[in-house]
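Heads up: the structure comes next, in structure tokens.
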Amino acid sequence: MYAWPCAAVLAQYVWFHRSALPGRRVLELGAGVSLPGIVAAKCGAEVTLSDSEELQQCRDISQRSCIMNQLHHVPVIGITWGRISPQLLALDPIDIILGSDVFFDPKDFEDILTTVSFLLEKNPHAQFWTTYQVRSADWSIEALLYKWRLKSIHVPLHSFSADKEHLASSSLPSRHTIEMIIISSATSDGT
């Protein structure tokens with residue numbers, strides 16, 4: 001487990017919007033080492049980290065990241081994409097959902113968007129901030145967004161100073177093609 005290039009880009013976006021984060025409720029999906037969620041917590045957000053219910057080692061790594069960053073109050077819970085679980089149902093209201101490189105394997109795309117759709121239905125004003133690495137021109141979530149009544153907007157990396165090979169002294173983004181989108185519920189007019 002390590003911080004993927006997309007995590008540095010999403011963490012940069014979180015940092016860029018740090019003044020809007022104090023008191024906001026944030027959930028990171030597929031957190032792993034939790035870089036974006038840790039940055040959000042350090043910026044004053046009320047953060048909950050999550051990773052698969054079946055992968056205790058992933059949740060343990062998230063917990064260690066919290067401890068290493070003096071964030072002992074940040075809960076780490078099990079949420080498996082595409083599954084309605086007691087942990088998912090028990091979540092407090094959310095303002096922002098984070099997900100870095102969760103669109104890694106096409107077989108998971110619908111499960112991710114099922115979970116995001118459920119969360120956005122419960123929290124209609126929330127947004128899903130996500131970064132992904134372009135791995136194949138054939139992979140797309142457009143049809144799934146339409147199916148789950150979601151919309152997305154592309155966020156140019158240069159708009160938050162993330163269009164560089166190095167971010168915050170990290171070479172993680174390197175020469176990877178990384179994109180950022182914000183997903184929200186589609187409005188009643190179908191957009």
Side-chain angles (χ1 to χ4, degrees), residues 1-104 108 111-112 115-116 118-133 160-162 166-173 178 180 182-183:
M1 299 283 298
Y2 64 95
W4 291 77
C6 289
V9 174
L10 186 55
Q12 174 76 7
Y13 188 80
V14 169
W15 178 253
F16 191 81
H17 292 282
R18 65 190 174 276
S19 64
L21 290 175
R24 303 284 301 272
R25 297 164 309 231
V26 174
L27 170 68
E28 185 173 1
L29 295 175
V33 297
S34 314
L35 180 60
I38 295 290
V39 172
K42 290 285 191 174
C43 291
E46 298 172 25
V47 174
T48 299
L49 303 172
S50 71
D51 216 308
S52 175
E53 293 169 278
E54 291 84 24
L55 299 174
Q56 181 64 46
Q57 70 272 24
C58 291
R59 293 192 316 277
D60 290 346
I61 288 169
S62 294
Q63 193 65 57
R64 276 185 287 217
S65 292
C66 290
I67 292 167
M68 289 171 44
N69 285 281
Q70 308 298 311
L71 296 169
H72 304 281
H73 63 283
V74 173
V76 178
I77 63 172
I79 294 178
T80 299
W81 303 328
R83 189 178 302 163
I84 303 299
S85 64
Q87 295 89 339
L88 188 64
L89 293 170
L91 281 172
D92 289 332
I94 298 166
D95 299 305
I96 299 166
I97 306 161
L98 300 173
S100 68
D101 215 11
V102 294
F103 294 108
F104 177 83
D108 295 325
D111 287 342
I112 295 161
T115 300
V116 168
F118 174 82
L119 291 167
L120 292 176
E121 189 172 309
K122 283 182 63 175
N123 304 277
H125 299 291
Q127 295 181 327
F128 177 38
W129 298 356
T130 185
T131 51
Y132 62 93
Q133 183 176 330
F160 58 101
S161 302
H166 293 81
L167 291 177
S169 301
S170 169
S171 62
L172 276 177
I178 297 171
M180 170 144 188
I182 296 176
I183 296 174

Check residues 26-45 and write down every donor-acceptor pair under 3.5 Å in which the side-chain atom is one partner and the other belongs to a residue at least two apart or another chain.
| from | atom 1 | to | atom 2 | distance (Å) |
| --- | --- | --- | --- | --- |
| Glu28 | OE1 | Gly37 | N | 2.8 |
| Ser34 | OG | Gly32 | O | 3.1 |
| Ser34 | OG | Ser62 | OG | 3.1 |
| Lys42 | NZ | Asn69 | O | 2.8 |

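Ile79 CD1 to Ser50 OG: the interatomic distance, rounded to the nearest 0.5 Å, is 4.0 Å. Summarising the geometry, atom CD belonging to Gln127 is positioned 11.0 Å from atom CG belonging to Leu98; distances are rounded to the nearest 0.5 Å. Atoms CD1 and CH2, from Ile96 and Trp129 in turn, are 3.5 Å apart once rounded to the nearest 0.5 Å. Atom NE2 of His17 sits about 8.5 Å away from atom OG of Ser19, to the nearest 0.5 Å. Atom CH2 in Trp81 sits 5.5 Å away from atom CG in Asp108 (nearest 0.5 Å). Here the CG atom belonging to Leu49 is positioned 12.5 Å from the CD1 atom belonging to Ile61, to the nearest 0.5 angstrom.
The neighbour count for Gln56 CD, taken as heavy atoms of other residues, nucleotides or ligands under 6.0 Å away, is above 12. Within 6.0 Å of NE2 in His125 there are 12 or fewer heavy atoms belonging to other residues, nucleotides or ligands. Other residues, nucleotides and ligands contribute at most 12 non-hydrogen atoms within 6.0 Å of the CH2 atom of Trp15.
Contact record, Pro124 with Glu121: CD-O, 3.9 Å, taken as the closest heavy-atom pair. Residues Phe160 and Gln12 come closest through the heavy atom pair O-NE2, 3.1 Å. Nearest approach of Pro5 to Gln133, heavy atoms of both residues: CG-OE1, 4.4 Å. Minimum heavy-atom separation, Thr131 to Cys6: OG1-O, 2.9 Å. Taking every heavy atom of both residues into account, Asp101 and Tyr132 meet most closely at OD1-CA, 4.1 Å. The nearest pair of heavy atoms linking Gly99 to Thr130 is O-OG1, 2.6 Å.
Checking Leu119, Ile183, Thr115 one by one against Ile97, the side-chain contact (heavy atoms from CB on, under 4.5 Å) holds for a single residue, Leu119.
Between Val76 and Thr48, the closest side-chain pair of non-hydrogen atoms is not below 4.5 Å. Looking only at side-chain heavy atoms (C-beta outward), Phe118 and Ile84 come within less than 4.5 Å of each other. A 4.5 Å side-chain heavy-atom check between His73 and Leu71 finds at least one atom pair inside the cut-off. Side-chain atoms of Ile67 and His72, non-hydrogen and from C-beta on, do get closer than 4.5 Å to each other.
Shown here are the salt bridge (charged side-chain N to carboxylate O under 4.0 Å, His left out) partners of Glu53, two or more places apart in sequence or in another chain: Arg83.
Look at Arg25 and Asp95 and you find a salt bridge, because one of the NZ, NE, NH1 or NH2 atoms lies within 4.0 Å of a carboxylate O, short of that distance.
In this structure, the side chain of Asp51 does not engage the main chain of Arg59 through any donor-acceptor pair within 3.5 Å.
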